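Residue numbers begin at 1 in each chain, while the letters A, B, ... track the order of the sequences. Given the structure is predicted, the values throughout are model-derived calculations rather than measurements.
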Amino acid sequence: MIAGMAKTLPRNADVAEQLELLSDILELEGEAAYRLLAYRRAAALVREQPGLVAELALEGKAKELPGIGKTIEGKIVEIVNEGEIRALTKHKALVPPDVVEFTRLPGLGPKTARKIWQELGVTTLADLKAAAKAERLRVLPGIGAKLEERIVKELSGKRKAPEEVRPLLGVGLPAVQAVVTVLRAHPAALEVSDAGSVRRRKETFRDLDIIATASEPAALTDYFTKLRWVEKVAAKGESKATVVSNDGLRFDLRVVPAGLYGNLLQHFTGSKHHNVALREDAVRVGFSVSENGVKDVESGEVFKTGSEEALYEFLGYQYIPPELRENLGELEAARNGELPELVELSDLRGDLHAHSTWSSDGKNSIEEMAAEAKSRGYSYLAITDHSHYLRDGRLEAQAREIEALNETLGRFKLLKGIEVNIRADGSLDVDDETLAGRDWVVASLHTAFDKNPTERVISAMENPNVDCIGHLTARKINRRGPADIDLSRVFETALATKTFLEINSQPDRLDLRDAHARAAGEAGVLLSISSDAHSTRALAYPELGVGQARRAWLTKEQVLNTRTWPQIKKLLG
DNA sequence: GCCGTTTTCGGCCCGACTGTTTTCAGTCG
């Protein structure tokens, strides 16, 4: 690329999408499965990278990522130079676009879609529905009345939203924790745990998984389906049930034999990619791993365990915390005994981003916020009300209130903070002299997210009064995508200017997100985990932020507010 | 197409469920 040439590189999501589409199309053409698997793995990997994989590909460094080789790297370069993978352009012309859509229908996979297309000449969704209605699909071997019926039903329903909305962790986590608590109290229950993506603290989820052992499995399952908030029982057997709650959340309970609890908890915690990689590793040393145990292929002996820890140990790994189980390097690190000791919620000593009624959207007074922070065991709380509500002498009045309260709070300290806006031109909406009088200054983007966001953040960091950047990309999960921030430049500037970055714990922000926070940590940037609370209740949000920090492989040392306020002050220089 | 604590060639996770079948392929997680 020519130096200085402003060329917009494709986002990782776009690269991944092209790789996935290519594999879908090739599969419909009958291509060998393992090439497709390689594309799909590469796509999944690309999605989870913090930096632009396209940039790495241009430098010839994308193939250092496990799962990307010379060929796929070349395809990514094609996306940069020509907008699309050449093979994708070519093969798109060979397979009717609707045939790819066929496979999105539940129960209809690539093999069946291919047969319908090739042998019946059906190429559009409308034709497919008509053929199913006219019972013309059942002439094909392997297709019967049931599938025809299903196709008609699926295609008759109102068009589903193009992308399914996944509920937020902040909604699912308390919900699943409440159900786990209720089930544990049942006399038949022995062990009960959350599982699945929520246990891994992934930012959104599809359903909520619970694993249990019980003296009487049927009794526990039955109790589960009769809890008062259950609106619908979608499936129910002796040891497995699925229910939908009155707020639309899907809960899955599996009651498993005690002797297999470790194997099954591991299996149902996932992620899928982690489990696949773990099983591949095991195959190489002669073990076959499944939810039913670890089988020694040669002797036929099966290792079953009630403990997840024992399972990882048996396979030759350190115990891998659920938050790390994404096949992003944790297996290798665990094999070598190099996993980091992850930060925990109880490590937090204070909160550096919170609002009070001085911000018009705040629900509680400073006094109430302080009492709640104190009761959480914190030794400090930064009140960072929005700058625009603190004009015309209100800032001074607020400061006096904080000072007066500090007289009454013993060793607990309220910090005079402020959250300033980074304007569209990169300047701050509060003058330097005012900022210099505050203990703690957070600067955030709140508007014009597509207007030079990187430059604006950098110019804010270069102001010596700014201590921390709030919610860096300003995304709102399911509502607004992230601003296009050049992370490596931001990290570089953060280190040079001694500015911290935040993991904002608001359920719909979680910003920095996991991959970004991991990259920040690797770059040596310290991160604060803060609530951005606008009410006393929201001071509990850092549980979610700590989840993201753990997914980002962060240790206690890499998190700023595991320190006391005097220690932080020293770092501010 | 990718990759190596046997390997640069010859493998590539595992099982449950479903609908279609008389023994299994395809789909799903």
Side-chain angles (χ1 to χ4, degrees), chain A residues 19-20 22-24 26-28 30-46 62-76 85 87-88 102-116 132 137-151 154 195-197 200 205-209 211 235 237 239-240 242 250 252 254 256 260 263-264 266-295 297-298 302 315-317 327 331-332 334-337:
Chain A
L19 287 168
E20 273 158 7
L22 179 59
S23 72
D24 287 348
L26 290 176
E27 188 166 31
L28 287 165
E31 175 65 49
Y34 290 115
R35 187 145 74 103
L36 311 176
L37 185 67
Y39 288 149
R40 286 181 184 144
R41 286 183 163 186
L45 180 79
V46 167
K63 55 180 167 308
E64 288 167 19
L65 298 169
I68 294 184
K70 243 172 97 174
T71 310
I72 292 181
E73 178 171 276
K75 291 189 181 333
I76 298 171
I85 300 171
L88 179 57
F102 290 2
T103 63
R104 313 259 189 267
L105 298 171
L108 208 171
K111 296 271 166 58
T112 314
R114 174 178 165 80
K115 253 190 290 188
I116 293 171
L137 297 180
R138 65 182 65 175
V139 300
L140 295 173
I143 299 184
K146 283 264 174 65
L147 186 60
E148 285 179 340
E149 217 173 281
R150 200 165 177 184
I151 289 171
E154 284 292 331
S197 69
R200 304 197 312 277
F205 64 91
R206 198 187 59 236
D207 48 26
L208 300 167
D209 294 305
I211 297 286
S239 62
K240 187 181 152 180
T242 301
R250 293 182 71 88
D252 255 343
R254 285 166 223 262
V256 307
L260 274 171
N263 304 81
L264 280 148
Q266 195 284 325
H267 173 76
F268 287 114
T269 297
S271 67
K272 187 179 145 193
H273 292 299
H274 172 84
N275 286 351
V276 169
L278 176 129
R279 289 165 180 200
E280 282 177 353
D281 273 0
V283 165
R284 283 183 216 118
V285 291
F287 291 122
S288 170
V289 178
S290 82
E291 58 268 48
N292 300 323
V294 182
K295 189 166 158 189
V297 176
E298 206 157 300
V302 179
L315 291 171
Y317 301 105
N327 193 30
L331 287 165
E332 196 189 350
R335 212 169 25 235
N336 300 331

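Nearer to the 5' terminus of DNA chain B, by closest-nucleotide assignment, is the contact made by Arg35(A) (compared with the other of Arg35(A) and Glu148(A)). Two residues, Gly109(A) and Val283(A), neighbour DNA chain B, and the one matched to the more 5' nucleotide by heavy-atom proximity is Val283(A).
The backbone N or O of Leu137(A) lies less than 3.5 Å from a partner atom in the side chain of Glu148(A), making a donor-acceptor pair.
Distance noted for atom C1' between dT8(B) and dG1(B): 14 Å (whole Å). Distance check on atom P: dC12(B) versus dT5(B) gives 16 Å, rounded to whole Å. Taking the C1' atoms as reference points, dT27(B) lies 16 Å from dT21(B), given to the whole Å. Remark: the separation of the C1' atoms in dT7(B) and dC14(B) is 24 Å, to the nearest Å. Taking atom C1' in both dG15(B) and dC9(B), the straight-line distance is 29 Å, to the nearest Å. With both ends at atom P, the span from dA16(B) to dG11(B) equals 26 Å, rounded to whole Å. Across the P atoms, dT20(B) and dC28(B) are found 14 Å apart, a figure rounded to whole Å.
Counting non-hydrogen atoms under 4.0 angstrom, Ala42(A) reaches nothing in the nucleic acid. Across all strands shown, Lys146(A) has heavy atoms under 4.0 Å from sugar-phosphate atoms exclusively, and none from any base. Residue contacts for Leu278(A): at a heavy-atom cut-off of 4.0 Å it reaches no nucleic acid atom on any strand shown. Nucleic acid contact class of Asn292(A) (heavy atoms, under 4.0 Å, all strands): sugar-phosphate only. At the heavy-atom level, Leu36(A) lies nowhere under 4.0 Å from the strands shown.
Counting to the nearest Å, the C1' atom of dA16(B) and the CZ atom of Phe268(A) are 9 Å from each other. Rounded to whole Å, atom C1' of dT5(B) lies 15 Å from atom CG of Leu315(A). For the pair Asp209(A) CG and dG29(B) P, the computed distance is 12 Å after rounding to whole Å. When rounded to the nearest whole Å, the span between CZ of Arg114(A) and P of dA25(B) equals 17 Å. Lys295(A) has its NZ atom 10 Å from the P atom of dC14(B), to the nearest Å. To the nearest angstrom, C1' of dT5(B) lies 8 Å from CZ of Arg335(A). The distance between atom CZ of Phe287(A) and atom C1' of dG15(B), rounded to the nearest whole Å, is 20 Å. Residue Lys115(A) contributes atom NZ, which lies 6 Å from atom P of dG26(B) at whole-angstrom precision.
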Going by atom type alone, with no hydrogens or angles, which donor-acceptor pairs under 3.5 Å involve a side-chain atom of residues 283-295 of chain A and a protein atom two or more places apart or on another chain?
residue, atom, partner, partner atom, Å
Arg284(A), NH1, Asp281(A), OD1, 2.8
Ser290(A), OG, Asn292(A), N, 3.0

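The NZ atom of Lys75(A) sits 4.0 Å away from the OH atom of Tyr39(A) when rounded to the nearest 0.5 Å. Here the CZ-OH distance, from Arg41(A) to Tyr34(A), works out to 10.0 Å after rounding to the nearest 0.5 Å. The CZ atom of Phe102(A) lies 11.5 Å from the OG1 atom of Thr112(A); values are rounded to the nearest 0.5 Å. Taken from CG in Leu331(A) to OH in Tyr317(A), the straight-line distance is 4.5 Å, to the nearest 0.5 Å.
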Using atom names, set out every protein N or O paired with an N or O of nucleotides 2-4 of chain B below 3.5 Å, distance rounded to 0.1 Å.
residue, atom, partner, partner atom, Å
dC2(B), OP1, Gly69(A), N, 2.6
dC2(B), OP1, Gly69(A), O, 3.4
dC2(B), OP1, Ile72(A), N, 3.3
dC2(B), OP2, Thr71(A), OG1, 3.3
dC3(B), OP1, Gly67(A), N, 2.5

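For Asp24(A) and Arg40(A), the salt-bridge test passes: some basic side-chain N is under 4.0 Å from an acidic carboxylate O. Taking 4.0 Å as the cut-off between side-chain N and carboxylate O, Arg35(A) and Glu31(A) count as a salt-bridged pair.
Under the 4.5 Å side-chain criterion, counting only non-hydrogen atoms from C-beta, Asp252(A) is not in contact with Leu208(A).
The pairing partner recorded for dG1(B) is dC12(B), the criterion being a Watson-Crick or G-U wobble arrangement whose two distances lie under 3.5 angstrom.
Distances were taken from every side-chain heavy atom of Lys75(A) (C-beta onward) to each of dT27(B), dG1(B), dG15(B); the shortest belongs to dG1(B). Of the candidates dG19(B), dG15(B), dG1(B), the closest approach to any side-chain atom of Tyr39(A) belongs to dG1(B). Distances were taken from every side-chain heavy atom of Lys111(A) (C-beta onward) to each of dC14(B), dG29(B), dT27(B); the shortest belongs to dT27(B). Closest contact between the side chain of Ser290(A) and the listed nucleotides dC14(B), dT20(B), dG29(B) involves dC14(B).
In this structure, dT5(B) shows a glycosidic angle more than 90 degrees from zero, which is the anti conformation.
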